[in-house]
S.K.: 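Before I ask anything, let me first share the structure, which is written out below as structure tokens.
Note that these values count all heavy atoms, side chains included, but never hydrogens, waters or copies made by symmetry. Since the structure is predicted, the reported quantities are computational estimates derived from the model, not experimental observations. Quick note on labels: first sequence line is chain A, next is B, and so on, each numbered from 1.
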Amino acid sequence: MATDVSRLVDAENGRISRRIFIEQEIYEQELERIFARCWLFLCHECQIPRPGDFFTTYMGEDPVLVVRDGNGQVGAFLNVCRHRGNRLCRAEAGNAASFTCAYHGWTYRNDGRLVGVPFIKEAYHNALERERWGLIPVAQVESYKGLVFATFDAEAPPLREYLGEMAWYLDAFFDRREGGIEVVGGLHKWIMPCNWKLPAENFAGDGYHVTWSHVSAIRAGFGGDFRVGADPTGVALSPGNGHCVMTVGANMNADPPAPEIQAYEEKIFPEIVQRLGPRAGTLKPVAGTVFPNFSMLKPTSRTFRVWHPRGPEKTEVWAWVYVDKAAPPEVKEANRLAGVRVFGPAGVFEQDDMDNWQACTQTGRGVVARRHPLNYEMGLGHDRWNDDLKAVASDYRFSESNHRQFYQRWAQLMAAEKWSELKS
Amino acid sequence: MADDLLRDVEQFFYREARLLDERRFHEWLELFTDDVRYWMAGRRTRYPQSSKAITVLAGTRRDDGDIEDELPLLDETKTTLIGRVARIDTGMAWGEDPPSRTRHIITNVEVEPGATASELTVYSNFLVYRTRAETEQDLYVGARQDVLRSVDGAWKIAGRKLILDQNVLLPKNVSVFF
Ligand code: FES
Ligand SMILES: [Fe+2]
């Protein structure tokens, strides 16, 4: 029996029940109706450039093996042996033509086919239908500008349609120049004791917290003049389907303070406007979330990350640092350093975030605290559809407009039995 | 290496550990040379070279500890270390308010000659216990490789490379120093 979440999310009045951040049954429903249904980010194509390159990740709590097969085709499968359910591939990444399960030795090719079963003749009397017991593929896997996504739901709309108008905003992070982006080194992985929606909504629309949560890092010189300069501008945008972006005005400095980066950004700005169109000349996207759990950031540090759910009170973060592929080496290096020093578990900005999200989750254990809704009223009645920006836009740089859109979409998905019940 | 040199280096490390545990960060910063590189990374999970779990198609296999070009957790200079301490001094570094209570345990010290006559390469292990607020607790465990340089008769840290043994970090953040 699904929980009726309609009374828990009152986006119209900016009230959200704390139950959605703490209750196990709601979490289980999220795994079914959000994570087993939405397009989820897997990896960037540059992580698996050659045939046989693989990367293991998760979709929700399901372990997934992403692999480029011998024909160069990217596939994604449950990283689960069909025999007794052992985890098949135990490494984070590598290159392989085939994978052998550690339990009884079933072997799968990197296109998912079951090709080896010990004692198939003697023990199975050749009766095992190997072609039926290959790895379970995801329902759909597609890339957008090098970002590989997959969904477990065959009925989910194609990726491009799922992203909708968010695609343009993704371009503004990941396709500003010819060649797009590449990731730097590996990635940061760590556990945060909080509900996954807190970081997702934070990157979706919480410009508000920056000036207080991160004031220490800004004062110590790690943030440049982002958002502390005179007359800051910007709006929160929701281009639809629960996706959200925060932007600043084109006049604002939205880049790490390193001189190499500042000079580079100034130089390429006209090129970006040329490539992305006039909208890029009026605003700069700085952070956002592709519903439900893929977030990105551009100023202070260039990172994108997945918030893997691990129970109502736990999130496993996987965070990458990225650079324009066409950037000169000194700019890439400056971005790498900004990425490491400012975000990630030791980042001077990010280390303060986890602590807040933890307590925002854990105080909800109190049954009385849980009776009182959370306040998402900021900017109520001050957000409306903007035709130029093709998004619901706030009228001030700080607003909870994006949060409300995010949770409205969340509630729709949690209520719907299947995609056909949802309007995009 | 002479016993008294080893004792000397150990005493230097213990004093450093006490400065950190007593949150005397400004005195701690003075232990570093201006050209220090302070670097920390976690470990990866890979198939070992000898593993028969996969048949390798292309490329070379890499070991778990082969992490030089991985994304580090920290890649600091003297200036950014000073910045990190200045951040805590603002009284608004919320992740350290209330502050972490740490205990730095430094062991397995091995002293080797360094690249120049005035330098030593020193290997050690660290175990840092962190507790904070009411019930928070974390363990940061790993290996350390230092370059110690003799400057005016005192040791300074001219390079520090830290390997944290976890893959997915279990602590929610790395807000303490090592
Ligand atoms: S569980 Fe994989 S071979 Fe038996
Ligand atoms: Fe933050």
Side-chain angles (χ1 to χ4, degrees), chain A residues 50-54 56 70 88-102 107 110 183-194 212-217 219-222 316 318-321 336-337 339-341 344-348 350-358, chain B residues 39-48 51-62 64 67-77 79-80 82-98 132-133 136 164 166-178:
Chain A
R50 305 164 305 177
D53 281 349
F54 68 85
T56 55
L88 176 63
C89 176
R90 294 175 167 183
E92 292 177 277
N95 183 282
S98 65
F99 301 86
T100 301
C101 176
T107 296
N110 64 14
V183 303
V184 180
L187 60 159
H188 291 146
K189 298 180 175 181
W190 77 105
I191 300 281
M192 306 190 314
C194 70
W212 185 252
S213 276
H214 301 307
V215 63
S216 64
R219 286 199 186 164
F222 289 98
E316 188 171 317
W318 288 19
W320 289 257
V321 172
R336 183 186 74 85
L337 290 170
V340 167
R341 290 172 183 165
V348 290
E350 190 148 29
Q351 56 179 268
D352 295 331
D353 284 322
M354 278 74 87
D355 210 41
N356 289 324
W357 300 333
Q358 174 179 16
Chain B
W39 187 92
M40 174 188 258
R43 300 284 293 265
R44 308 271 42 130
T45 305
R46 299 186 177 115
Y47 286 116
S51 175
K52 301 285 187 290
I54 51 171
T55 47
V56 176
L57 251 188
T60 45
R61 292 200 197 194
R62 301 173 64 212
D64 283 11
I67 53 175
E68 295 291 336
D69 58 357
E70 289 288 332
L71 192 65
L73 292 158
L74 289 161
D75 195 342
E76 306 299 308
T77 62
T79 309
T80 64
I82 290 170
R84 283 174 184 266
V85 171
R87 193 183 85 83
I88 292 169
D89 287 343
T90 63
M92 300 167 109
W94 310 119
E96 278 295 306
D97 186 358
R132 179 173 172 271
E136 289 178 21
L164 207 51
Q166 289 178 350
N167 175 210
V168 178
L169 284 190
L170 298 175
K172 65 181 163 185
N173 65 14
V174 180
S175 60
V176 299
F177 298 112
F178 301 87

S.K.: Return the minimal non-hydrogen interatomic distance between A:Asn95 and B:Ile54, and the atom names on each side.
M.R.: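 Where A:Asn95 meets B:Ile54 most closely, the heavy atoms are O-CD1, 3.9 Å.
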
S.K.: If you count the non-hydrogen atoms of other residues, nucleotides and ligands that lie under 6.0 Å from CZ in A:Arg90, is the total more than 12?
M.R.: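 No, not enclosed.
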
S.K.: Using a cut-off of under 4.5 Å on heavy-atom pairs, state which of B:Ile82, B:Thr80, B:Leu170 scores highest against chain A.
M.R.: B:Thr80

S.K.: Under a 4.5 Å heavy-atom cut-off, does chain B meet the side chain of A:Ala217, its backbone, both or neither?
M.R.: both

S.K.: The test is side-chain contact (heavy atoms from CB on, under 4.5 Å); show your working for B:Glu136 and A:Asp355 and say whether it passes.
M.R.: CA-CA 11 Å; B:Glu136 289 178 21; A:Asp355 210 41; 4.0 Å; yes

S.K.: For a quick test of reading the model, state the closest non-hydrogen atom pair linking B:Gly83 to A:Ala220 and the distance between them.
M.R.: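 So the minimum-distance heavy-atom pair works out to O-CB, 3.6 Å.
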
S.K.: Which answer fits B:Thr90, side chain, backbone, both or neither, if we ask what part of it has an atom under 4.5 Å from a heavy atom of chain A?
M.R.: side chain

S.K.: Going from CG on B:Asn173 to CE on A:Met192, what distance comes out if it is rounded to the nearest 0.5 angstrom?
M.R.: 11.0 Å

S.K.: With a 4.5 angstrom heavy-atom cut-off, is it the side chain or the backbone of A:Asp353 that approaches chain B, or both, or neither?
M.R.: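 Nothing of A:Asp353, per the 4.5 Å heavy-atom cut-off to chain B.
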
S.K.: Which bit of B:Glu76 comes within less than 4.5 Å of chain A, counting heavy atoms only: side chain, backbone, both or neither?
M.R.: both

S.K.: Under 4.5 Å, counting heavy-atom pairs only, tell me which of A:Ala93, A:Ala91, A:Ser216, A:Gly52 racks up the most with chain B.
M.R.: A:Ser216

S.K.: Under 4.5 Å heavy-atom distance to chain A, tell me which part of B:Asp89 shows up: side chain, backbone, both or neither.
M.R.: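 Neither; nothing under 4.5 Å.
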
S.K.: Among A:Gly344, A:Gly339, A:Ala97, A:Cys89, which residue has the highest count of heavy-atom pairs closer than 4.5 Å to chain B?
M.R.: A:Ala97

S.K.: Enumerate donor-acceptor pairs with a distance under 3.5 Å from any side-chain N or O in residues 184-191 of chain A to protein atoms, sequence neighbours excluded.
M.R.:
residue  : atom : partner  : partner atom : Å
A:His188 : NE2  : B:Pro72  : O            : 2.7
A:Lys189 : NZ   : A:Glu92  : OE2          : 2.7
A:Trp190 : NE1  : B:Lys172 : O            : 3.1

S.K.: Grab the two heavy atoms, one from B:Leu169 and one from A:Pro345, that are nearest each other, plus how far apart they are.
M.R.: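 Distance-wise, the nearest heavy atoms are CD1-CG, 3.8 Å.
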
S.K.: Of all of B:Ser175, B:Ala133, B:Ala41, which one pairs up most often with chain A through heavy atoms under 4.5 Å apart?
M.R.: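 Highest number of heavy-atom pairs under 4.5 Å: B:Ser175.
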
S.K.: Side chain, backbone, both or neither: which part of B:Asp69 has a non-hydrogen atom closer than 4.5 Å to chain A?
M.R.: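 Backbone only.
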
S.K.: With B:Ala53, which residues qualify under side-chain contact (heavy atoms from CB on, under 4.5 Å), at least two apart?
M.R.: B:Tyr47, B:Ser51

S.K.: Under 4.5 Å from any heavy atom of chain B, what part of A:Arg341 do you find: side chain, backbone, both or neither?
M.R.: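 Answer is both: backbone and side chain atoms of A:Arg341 are under 4.5 Å from chain B.
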
S.K.: Does any backbone or side-chain atom of A:Glu350 lie under 4.5 Å from a heavy atom of chain B? Answer side chain, backbone, both or neither.
M.R.: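 Looking at A:Glu350, nothing touches chain B.
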
S.K.: Which heavy atom of A:Ala346 sits nearest to which heavy atom of B:Arg84, and what is that distance?
M.R.: O-NH1, 2.8 Å

S.K.: Against chain A, label B:Thr77 side chain, backbone, both or neither, depending on which of its atoms sit under 4.5 Å from a heavy atom there.
M.R.: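 Answer is both: backbone and side chain atoms of B:Thr77 are under 4.5 Å from chain A.
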
S.K.: Only pairs of heavy atoms separated by less than 4.5 Å count here; which of B:Glu96, B:Arg132, B:Met40 has the most with chain A?
M.R.: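 So the answer, after comparing B:Glu96, B:Arg132, B:Met40, is B:Arg132.
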
S.K.: Examine whether an atom of A:Trp212 lies under 4.5 Å from a heavy atom of chain B, and if so say whether it belongs to the side chain, the backbone or both; otherwise answer neither.
M.R.: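 Contact with chain B: backbone and side chain both.
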
S.K.: Taking the side chain as every heavy atom from C-beta outward, state whether B:Arg87 and A:Asp352 have any atom pair closer than 4.5 Å.
M.R.: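 A side-chain contact exists here, since the closest heavy-atom pair is under 4.5 Å.
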
S.K.: If I measure from the heavy atoms of chain B, does A:Val321 come under 4.5 Å with its side chain, its backbone, both, or neither?
M.R.: both

S.K.: Contact part of A:Cys101 toward chain B, heavy-atom cut-off under 4.5 Å: side chain, backbone, both or neither?
M.R.: neither

S.K.: What distance do A:Ser213 atom OG and B:Trp94 atom CH2 have between them, rounded to the nearest 0.5 Å?
M.R.: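 These two atoms lie 9.0 Å from each other.
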
